[in-house]
Amino acid sequence: MLRDAISNDWFTIFLVLSLGCITVSKFLFAHRFKDFLAVIGNSKYLKIYARDQKFIDGFDALLFFNGILSISIFAFIGYTTLVNPAEFNLSQFFKLLFGIGVLFLIKVLLERLIASLFDIDEIIDSYLFQKTTFKNYTGLILFPLNCILIYTLDPTKKLVYIIIGLLILINLIGFITSFKNHQKLLLNNIFYFILYLCALEIGPYLILYKLIIDFNA
């Protein structure tokens, strides 16, 4: 079982760091955090805060850090449950954490670079804000789920697949929301949109999958 095979001490530290990020974001941005919690099925948050976004945003940065930690922890749990049971190795986990963080950051920077090259900064900024919002929401949902998987329930393949399905659903809602908001523009440039999906949406996640599969190699 996973809880017998890994050291919960390190995961406790990482979960406390995640909780710290969530707590600080709620304390410093109380009203925005409340709106953020209702982002699924409510476009109020996206409409209000998209106008005030900055290149470096404290609220998004805190939740992004929580997201990287939460995704890395769940990736390890998923790997040891679905692929190969393995003992916790701090060095390897840091490599996984670093790899996921760098992948997401490079992806955002590439998208901003493309926006500057094609002079579509305003559109891409709005699109990135929506994507970042739903990714941060994914990290927020993963935090309590990771706590349950580590301290309460024994992870099973069925349970891990259910959680993966939930995460896909959240990000699919985000993608559909972004598509609806820019539907006319995207349909008029469908070739470039498909090219974008392959290069900057599907590609990075294939790299992430390969990174997780090679995690214990």
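The structure presented is a predicted model; accordingly, all values stated were derived computationally and were not measured. Note that these values count all heavy atoms, side chains included, but never hydrogens, waters or copies made by symmetry.
Relative orientation of the F76 and F11 rings is tilted, given thresholds of 30° and 60° on the angle between their planes. A parallel orientation is assigned to the rings of F129 and Y45, their planes being inclined by less than 30° (bins at 30° and 60°).
Between F93 and the options F14, F98, W10, a ring-ring contact (aromatic ring centres under 6.0 Å, His included) holds for only F14.
Nearest heavy-atom pair, S18 versus L69, reported as atom, atom and distance to 0.1 Å: OG-CB, 3.4 Å. Nearest approach of A75 to I100, heavy atoms of both residues: CB-CD1, 4.5 Å. Closest of all the heavy-atom pairs between G78 and V160 is CA-CG1, 4.1 Å. In plain terms, the two heavy atoms of G101 and F64 that are nearest each other are O-CZ, 4.4 Å. Considering every non-hydrogen atom in both N66 and I22, the closest pair reads OD1-CD1, 3.7 Å. The two residues L62 and C21 come nearest to each other via the heavy atoms O-CB, 3.4 Å.
Taken together through direct or relayed side-chain contacts under 4.5 Å among Ile, Leu, Val, Met, Phe, Trp and Tyr, L159 and Y161 form part of one hydrophobic cluster. Tracing side-chain contacts under 4.5 Å through hydrophobic residues (I, L, V, M, F, W, Y), one reaches I48 starting from L46; they form part of the same cluster. Grouping the Ile, Leu, Val, Met, Phe, Trp and Tyr side chains by contacts below 4.5 angstrom, directly or via other members, places V16 apart from F74. No continuous path of ILVMFWY side-chain contacts below 4.5 Å connects Y137 to I162, so the two sit in separate hydrophobic clusters.
Under the 4.0 Å criterion applied to side-chain N and carboxylate O atoms, R32 and D60 are assigned as salt-bridge partners.
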Stepwise ring-ring contact (aromatic ring centres under 6.0 Å, His included) check, F29 with F33
CA-CA 6 Å; F29 309 92; F33 189 86; 9.7 Å; no
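The CG atom of L17 sits 13.5 Å away from the CD1 atom of I68 when rounded to the nearest 0.5 Å.
Using a 3.5 Å distance cut-off with no hydrogens or angles, the side chains of Y151 and T12 do pair a donor with an acceptor.
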